[in-house]
Amino acid sequence: MGSPGSASYARIYAVVRRIPRGRVATYGQVAALAGLPRAARQVGYALHALSGSTALPWQRVINSAGRISLPPGAGGLEQRFRLIADGVYVDERGRVSLARFQWRPRTRA
DNA sequence: GCGGTGACGGTCG
DNA sequence: CCGACCGCCACCG
C-alpha cells in the first residue's frame, strides 16, 4: 500500500483479514474496529483500491443493510460467489442475514 | 486549498 | 421495502 492513506488502509486491511470464513462484517463495523469511527466510506474506498489480485477476504465486508453494495457488474457477482464459497447464504438480490452471519469479535470494540 | 465524489450509515416519508 | 436527504471522511483533479 504505498501511496494511499497508508496508516489507515493498513489498519482497515488488518481488520478485514481477521474476519473468519463463513462470517461477514459491515463497513462501519470494520471502520470502528480499525479505530476509525464514522469512516465507513473510507473502508469502501480502501477495498476499492485493491482492485483484483489480493489475498484479502474483501468479500466478507457488506453494508449495514445486510446487502452487497458492489453493483453486480462491478464485482458484486463475484462477491456473492465468494461468500457462498465461504458458506454464507446470499440470496439473488445480494441479501445476507446479519442475524446469522455477522462476525462478533470477543474483545475490543 | 476547494469542490466533487463514493464498495457508507441513519432517518424520514 | 424503496427512494430521497443529509452527515461523514479521505481521495483526486
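A, B, ... follow the sequence lines: proteins, then strands. Residue 1 opens every chain. This structure is a prediction, so every number in the text was calculated from the model and none was measured.
For the pair A:Tyr27/A:Gln42, no side-chain contact is recorded, criterion being any heavy-atom separation below 4.5 Å from C-beta on. Contact check for A:Pro20 versus A:Trp103: side-chain heavy atoms found under the 4.5 Å cut-off.
Proximity of a side-chain donor or acceptor of A:Asn63 to a complementary backbone N or O of A:Ala65 within less than 3.5 Å is detected.
Dashed line: the shortest gap from a side-chain N or O of A:Thr26 to OP1 or OP2 of B:dC8 is not under 4.0 Å. Residue A:Ser69 has no polar side-chain atom (N or O) positioned under 4.0 Å from OP1 or OP2 of B:dA7.
Stem regions for DNA chain C, each three or more consecutive Watson-Crick or G-U pairs with both distances under 3.5 Å and listed by first number, read B:2-6 with C:9-13, B:8-13 with C:2-7.
The side chain of A:Tyr45 lies closest to C:dC11, out of B:dG9, C:dC11, B:dA7. Looking at the side chain of A:His48, the nearest of the listed nucleotides B:dA7, B:dG9, C:dC1 is B:dA7. Minimum atom distance to the side chain of A:Tyr9 is reached by C:dC11, of the listed B:dA7, B:dG9, C:dC11.
Near-neighbour residues of DNA chain C inside residues 72-80 of chain A, defined by a heavy atom below 4.0 Å, are absent.
If you check distances only, the side chain of A:Arg38 never reaches the base of B:dG10 with a donor-acceptor pair under 3.5 Å. Between the side chain of A:Tyr27 and the base of B:dA7, a donor-acceptor pair under 3.5 Å is found.
When each of A:Arg93 and A:Gln42 is assigned the nucleotide of DNA chain C with its nearest heavy atom, A:Arg93 is the one assigned upstream, toward the 5' end.
A donor atom on one side chain and an acceptor atom on the other are found under 3.5 Å apart for A:Gln102 and A:Gln29.
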